[in-house]
Amino acid sequence: MFQVLVNIGNHFDLASSIFVAPRKGIYSFSFHVVKVYNRQTIQVSLMQNGYPVISAFAGDQDVTREAASNGVLLLMEREDKVHLKLERGNLMGGWKYSTFSGFLVFPL
C-alpha cells in the first residue's frame with residue numbers, strides 16, 4: 001500500500017498509482033526503489049502513456065539490500081499519464097521503502 005505525503009491538486013490517483021498531468025509543461029520525475037534480500041535483479045521503469053522512458057536497475061548478487069534510482073525531465077501534454085512499472089524482480093516490503101516524486105517545472 002502506498003502512502004501519499006503530498007498530492008496538491010490530487011493529480012496522483014492512489015487507486016491506480018498513476019499521475020495525470022493537469023496541463024502541458026515540463027515535469028520533473030524521480031524514483032528510488034530497494035530490492036529484497038535474495039539474489040535477483042530488479043528493474044523499474046517510469047512509463048509515460050504506456051511506454052518506458054527511463055529505467056533503474058539493481059543487480060549486485062553479493063549484497064542483501066540495494067537501491068536503484070533515476071530521474072528525468074519530461075515534456076507532457078494535458079492528460080498525459082505517468083506511473084512506475086516493476087519490470088523484473090521483487091521490491092523489499094513491496095513499494096513501502098520506495099519513493100516516487102513529480103512536479104511541474106515550467107508550464108507551456
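It should be emphasised that the depicted structure is a prediction, and the values quoted were computed from it without experimental measurement. The analysis underlying the following values was restricted to heavy atoms, covering all of them including side chains, and did not include hydrogens, waters or symmetry mates.
How far NE2 of His11 is from CZ of Arg23: 10.5 Å, rounded to the nearest 0.5 Å. Between the CG atom of Leu46 and the CG atom of Leu74 there is a distance of 6.5 Å, given to the nearest 0.5 Å.
Here the closest heavy-atom approach between residue Met76 and residue Ala21 is recorded as CE-CB, 3.8 Å. Closest of all the heavy-atom pairs between Ser55 and Gln43 is OG-NE2, 3.5 Å. Taking both residues in full, the closest heavy atoms of Ser45 and Glu87 are given as OG-OE2, 3.1 Å, listed atom of the first, atom of the second, then distance. In this structure, Asn70 and Ala56 approach most closely via the heavy-atom pair CB-CB, 4.2 Å. Nearest heavy atoms, Ile42 versus Val34: CD1-C, 4.3 Å.
Hydrophobic clustering (ILVMFWY, side-chain heavy atoms < 4.5 Å, transitive): Val20 and Leu104 are in distinct clusters. Cluster annotation: Leu108 is not connected to Val82 through the hydrophobic network of ILVMFWY side chains, with a link wherever side-chain heavy atoms come within less than 4.5 Å. The hydrophobic cluster containing Phe103 does not contain Ile18, counting ILVMFWY residues as joined when their side-chain heavy atoms lie under 4.5 angstrom apart, directly or transitively. Hydrophobic clustering (side-chain heavy atoms under 4.5 Å, transitive across Ile, Leu, Val, Met, Phe, Trp, Tyr) keeps Met47 apart from Phe19. Transitive grouping of hydrophobic side chains (ILVMFWY, heavy atoms separated by less than 4.5 Å) keeps Phe57 and Leu86 in distinct clusters.
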Would Phe31 and Val44 count as a side chain to side chain contact (heavy atoms under 4.5 Å, CB included) here? Give the steps. CA-CA 9 Å; Phe31 62 92; Val44 175; 3.9 Å; yes
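Listed by chain and number, the residues in a side-chain hydrogen bond (donor to acceptor under 3.5 Å, both in side chains) with Ser69 are His32 (sequence neighbours excluded). Residues forming a side-chain contact (heavy atoms from CB on, under 4.5 Å) with Leu73 (at least two apart in sequence, or on another chain): Ile26, Ser28, Val105.
Phe100 and Phe12 have tilted rings, their planes meeting at an angle from 30° to 60° on a 0 to 90° scale.
The backbone N or O of Lys81 lies less than 3.5 Å from no partner atom in the side chain of Gln48, so there is not a single donor-acceptor pair.
Ring centroid separation for the pair Phe106 and Tyr27 does not come in under the 6.0 Å cut-off.
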